[in-house]
Q: 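Before anything else, here's the structure in question.
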Amino acid sequence: MYKVILEELPYLLQGVLVALELLLAFISLGFLVGAVLAVMRVYGNRLLVLLAILIERFFRGVPAVVLLFLFFYGLSGVPPFVAAVLGLGLRSAAYQSQIFKGAIQAIESGQMTAARALGMGKLKAIRCIIIPQALRLAIGPWSNEFASELKDTSLAYTIGVIELLRRAKYIVSYTYGNNTLLVYGVCALMYLVLVRTGNVILYRLERRLAIPGFERREEGG
Amino acid sequence: MRSRSLLAVVGVLSLLLTTIVVGNVSLQAQFDPESTYIVGVEATFPPWAWVEKGAFKGIAVDAIREIAKSEGINLKYQELPWPSLIPSLAAGKIDLVVTAVSVTQERAKVLDYTIPWWEINRVVLVRKDSNLNGITALCCGVTVGGQGGSTDFEWVKQELAPNPGLDIRLREFEDPVMAVEDLKIGRVDSVVIDSDTGDKLAAEHPDIRVAARFYAYPPEPYAIPVTKGDPQGLLPKLNHGIMELYTSGKWAEIVHKYIPGAIILPIPAYMPEYVGSYQHPIPGLEE
Amino acid sequence: MALTLVIEDIHKAYGNLEVLKGISFGMQKGDTKVVIGPSGTGKSTLLRCINRLSPPDKGQVWLEGEEITHSKSNINQLRAKIGFVFQDFNLFSHLTALKNVSIAPMKVMRMKKKEAAKLAMEELEKVGLGDKADAYPAQLSGGQQQRVSIARALAMSPKLILFDEPTSALDPELIGEVLEVMINLAKDGMTMLVVSHEMGFARSVADEVIFMEQGVIVEQGPPQQLFASPKQPRTREFLHKITELYGEEREKGN
């Protein structure tokens, strides 16, 4: 029983890499689009705000698997990995935009006023003054997002992305289910390690970027 | 993820979207030896297809490898879970499916098939220590499990479950191994499954046994499905390849590697009338 | 001499409340004018109307002949020529003092990084904070922050600087350092419009003191005249209250 796991370990670890690749790709997409959506929500005119709200509602309201199918079957010539990045990425954007929106709104309005008073245009002020501060504020809630997005990568198997969990399934299948708990236990351990590592990295990042003089978040979480 | 209704939803969605978006259904009906074709594989269905240490194995996989070699087809393998396989084929995201796929009238509406290479029967699995027999495993308050979308489970769902007199509950699974897992721990009382896989699972698990065997009539064949209309021009090559495999004896070799002592049916096996690609002349076969 | 700033009949209401009911005056280059009056009379609003941070409902503002209130004006360009010092400093918290001062020259005037840093350092030294260039706002005292914000305004070489109660949020001991910078600026010939309660400052450097109450200018004139012999009874009343509050000592100290 254990022999099989040891032999399959490299294959499983490759699955970890696939999951990480997918995660990094789609979470970055979500980051960019989420930031844009948040700026639209906070600073846009009525039309932009409405558009942002519609986009957010759609991608938050549709289950992740359905989104994966929509992109996989709906776009021709798109390989599974890309469809997964798009589907999960835009969904992540909808959630991340909430985080950024909160962060932007937590910044005192005086910052924007001062920037405008110096002659900066709205967009320039957003780019140079608001976003850098919002990003720092967003790191905390963002690590929660990271953990839950990591777990979402396991949904991508439905459209053919062979990540960690699917590989575990293979092992269970051909060993005829004689070591189900062991295999999935190993998987759970791997996910735990990933989440913990990610959180540690993010915490360190937060500390490095912290603006001197302000209070820092407690480690944990 | 297991229900047939999801299959239907996905099927509708995919058809809808591919009509809205510019489809990729190629206009070329000619096989192109330079192209790479995508094989959809469901890798959780031993002995027909599975993955071991990253390599595809199984009767269907070995067979398609041989055929690809002898017919000069470039193949790329894409693993997908069972509920995604047929919709992907129908939508043209993959070009053929290699696992244990039964020929059914409904599927023949959206797919075309190669000549059949196998016929299956059905078994009912129960726990060794239960006293259920073939009849009592399918009636009287039991919970029956099976792979969603499989012909076996569809049979239970459509023919048996609606009958109030039988009083059975259903539990769907994404693949047969999961169904058997739940059988072992008692969440389901019986599992209805293809005879080959069922026999294999019963052999591997000392705590389950075969309670009954149903012979399908008319016979239920396995074949390789391709997109309806065979837009990639694969059928002639595949059919020819299958025949070659059979007549050369390689098919028997492959099957016996995984199911020692199995009876090899003559190929082509039973060909239902409702399949378009079984009307003569059959692509790839000399008459 | 062409006027640096002309304000003509400014009206501003917030909902039903009319805050500015027709303010008009002008400023020449090098003028220092101090606006005094009870809180809530629209003094801050007036300043924000001048650079259109709060667009006026009615009336016009000209900076060196260019109309700020015109709909087709390039407001960013015009704002770059008007410095603004806020009561709450509003320094950019994620930037060092140096970066705070150099960012607008870089981003608005498109100065090169080295040039802007050099300029920023000069301005910081002028306000006495050359040694704090790498400090972040949260590490500075209120008085230091306000001085940085003045340096930030100066770095843009403005034609006019607006001061919105620059010392009202400061601890009493820190007020002096900021007023000192402002007095030096005035002496150097900067055109300044200051809303403040600091009578000593008004007395020493203002060319004119404007007393505003309930949205209108009640009286205006050179500080010696206004403080010694105010013409309007309301002015008199207000000044009386102020001197009572602040006492003679403070005026002498400044």
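To find a chain, count down the sequence lines: A is the first, B the second, and so on, and within it residues start at 1. Computed over heavy atoms, backbone and side chain alike; hydrogens, waters and symmetry mates excluded.
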Q: Output the residues of residues 83-95 of chain A for which the shortest heavy-atom distance to chain C is under 4.5 Å, in residue-number order; output 'none' if no such residue exists.
A: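 So no residue qualifies.
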
Q: What part of Asp88(C) is in contact with chain A, defined as an atom under 4.5 angstrom from a non-hydrogen atom: side chain, backbone, both or neither?
A: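 Asp88(C) has no heavy atom closer than 4.5 Å to chain A.
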
Q: Taking atom types as modelled, find out whether Glu165(C) and Ser44(C) have a side-chain donor-acceptor pair closer than 3.5 angstrom.
A: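 No donor-acceptor contact under 3.5 Å links the two side chains.
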
Q: Only one of Val205(C), Leu154(C), Thr191(C) forms a side chain to side chain contact (heavy atoms under 4.5 Å, CB included) with Leu185(C), so which one is it?
A: Leu154(C)

Q: Heavy-atom distance under 4.5 Å to chain A: side chain of Leu162(C), backbone, both or neither?
A: neither

Q: Can a side-chain donor-acceptor contact be found between Glu145(A) and Gln96(A) if the only test is distance below 3.5 angstrom?
A: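 Side-chain D/A pair, Gln96(A) to Glu145(A): absent.
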
Q: When only pairs under 4.5 Å are counted, which of Leu209(A), Leu118(A), Thr113(A) shares the most heavy-atom pairs with chain C?
A: Leu118(A)

Q: Between Gln144(C) and Gln139(C), is any pair of side-chain heavy atoms under 4.5 Å apart?
A: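 Side-chain contact under 4.5 Å: no.
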
Q: Could you check whether the rings of Phe59(A) and Phe71(A) sit parallel, tilted or perpendicular, using 30° and 60° as the cut-offs?
A: parallel

Q: Below 4.5 Å from any heavy atom of chain A, which atoms of Leu140(C) appear? Answer side chain, backbone, both or neither.
A: neither

Q: Looking at Gln77(C), Met109(C), Lys107(C), Met156(C), which has the largest count of heavy-atom pairs under 4.5 Å with chain A?
A: Lys107(C)

Q: Less than 6.0 Å separating the ring centroids of Phe86(C) and Phe163(C)?
A: no

Q: Testing Glu67(C), Glu66(C), Arg52(C) for side-chain hydrogen bond (donor to acceptor under 3.5 Å, both in side chains) with Ser73(C), which one passes?
A: Arg52(C)

Q: Between Thr4(C) and Glu64(C), does any side-chain donor sit less than 3.5 Å from a side-chain acceptor?
A: no

Q: Using a 6.0 Å cut-off, check whether atom NZ of Lys159(C) has over 12 heavy atoms from anything other than its own residue.
A: no

Q: Could you have a look at Pro137(C), Ala80(C), Ser149(C) and say which one has the most heavy-atom pairs with chain A under 4.5 angstrom?
A: Ala80(C)

Q: Under 4.5 Å, counting heavy-atom pairs only, tell me which of Thr96(C), Leu95(C), Leu91(C) racks up the most with chain A.
A: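 Most heavy-atom pairs within the cutoff with chain A belong to Leu91(C).
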
